[in-house]
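First up is the structure itself, then whatever we jot down about it.
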Amino acid sequence: MEKTFLMVKPDGVQRNLIGEIVQRFEKKGYQLVGAKLMHISKELAEEHYGEHKERPFFGELVSFITSGPVFAMVWQGDNVIKVAREMMGKTNPVDAAPGTIRGDYSVQVGMNIIHGSDSPESAEREVNLFFNESELVSYAKDINKWV
Ligand code: ABT
Ligand code: MG
């Protein structure tokens with residue numbers, strides 16, 4: 001089953017959006033298979049955003065993502081990598097459509113609430129960068145058994 005790495009960034013945590021964001025992916029029909037509230041070290045931030053090392057905003061990006069706790073998650077389901085990116089909306093909140101997470105809750109590109117892996121290769125890389133095998137849970141859902 002396809003997996004992706006999603007993360008509520010420090011601005012989303014500060015603005016009490018963890019629950020809202022988790023709920024959107026749950027309601028969509030995806031399954032949460034790993035999650036933790038954590039501080040990102042400077043080293044992890046530089047590795048995570050390695051592709052942007054030469055960009056002028058790299059320093060700001062690293063200081064923002066390390067500025068407070070993030071909520072790191074792994075979600076699973078059909079086409080979750082692509083669909084999660086659609087649900088997040090465009091990188092720049094100015095271009096993000098209403099109804100998307102960034103379109104609904106953010107204003108500036110430097111503080112755009114959520115990160116999501118942008119390809120199968122980055123999903124694989126980012127899931128492994130943030131989670132150990134033992135932190136990912138495999139379980140069946142059968143709502144009728146639990147009510
Ligand atoms: P991330 O999920 O954070 O990776 O964003 P996304 O993949 O949608 O967009 P990319 B291109 O990866 O941007 C990474 C972070 O860099 C910020 N950024 C980007 C700027 O601050 N200025 C810019 O001109 C661009 C292109 C936005 C993203 N993160 N934050 N926070
Ligand atoms: Mg990106």
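Keep in mind that the numbers below use all heavy atoms, side chains included, and drop hydrogens, waters and symmetry copies. Everything quoted here is computed from the prediction, not taken from an experiment. In listed order, ligands and their atoms are each counted from 1.
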* Polar side-chain atom of Asp104 near backbone of Pro98 as donor-acceptor pair, under 3.5 Å -> no

* Asked: Taking both backbone and side-chain atoms of His52, is any N or O found less than 3.5 Å from an N or O belonging to ligand 1?
  -> yes

* Asked: Would you say Val33 and Met73 make side-chain contact, with heavy atoms under 4.5 Å?
  -> no

* Asked: Thr4 versus Tyr30: any side-chain heavy-atom pair under 4.5 Å?
  -> no

* Structure fact -> The answer for which part of Leu61 has a heavy atom under 4.0 Å from ligand 1 is side chain

* Plane angle bin for Tyr49 and His115 - parallel if under 30°, tilted between 30 and 60°, otherwise perpendicular -> perpendicular

* For ligand 1, is there an N or O atom under 3.5 Å from any N or O atom of Lys9? -> yes

* Asked: Quick one: does Met7 get a heavy atom under 4.0 Å from ligand 1?
  -> no

* What is the ring orientation for Phe57 with His52, classed by angle as parallel under 30°, tilted 30 to 60°, or perpendicular over 60°? -> tilted

* **Side-chain touch Leu17/Ile101, heavy atoms, less than 4.5 angstrom** => no

* Structure fact -> Taking only non-hydrogen atoms of Arg55 and a 4.0 Å limit, the atoms of ligand 1 in range are 26 (C)

* Assess whether side-chain contact (heavy atoms from CB on, under 4.5 Å) is satisfied between Glu20 and Ile113, documenting all intermediate values. => CA-CA 12 Å; Glu20 163 70 23; Ile113 304 285; over 6 Å; no

* To do: Would you check if Ile114 and Arg102 make a side-chain contact, meaning some heavy-atom pair closer than 4.5 Å?
  => yes

* Hey, which atoms in ligand 1 end up nearer than 4.0 Å to a heavy atom of Gly110? -> 31 (N)

* Structure fact -> Ranking Arg102, Met111, Glu60 by closest non-hydrogen atom to atom 5 (O) of ligand 1, top hit is Arg102

* If you measure from atom 4 (O) of ligand 1 to every heavy atom of Glu126, His115, Arg85, which option wins on shortest distance? -> His115

* Taking only heavy atoms of Phe64, which atoms of ligand 1 are found under 4.0 Å from at least one of them? -> 31 (N)

* Within a distance under 4.0 Å of any heavy atom of Gly116, pick out the atoms of ligand 1 and give their elements. => 2 (O)

* Asked: Could a heavy atom of Asp118 be found less than 4.0 Å from some atom of ligand 1?
  -> no

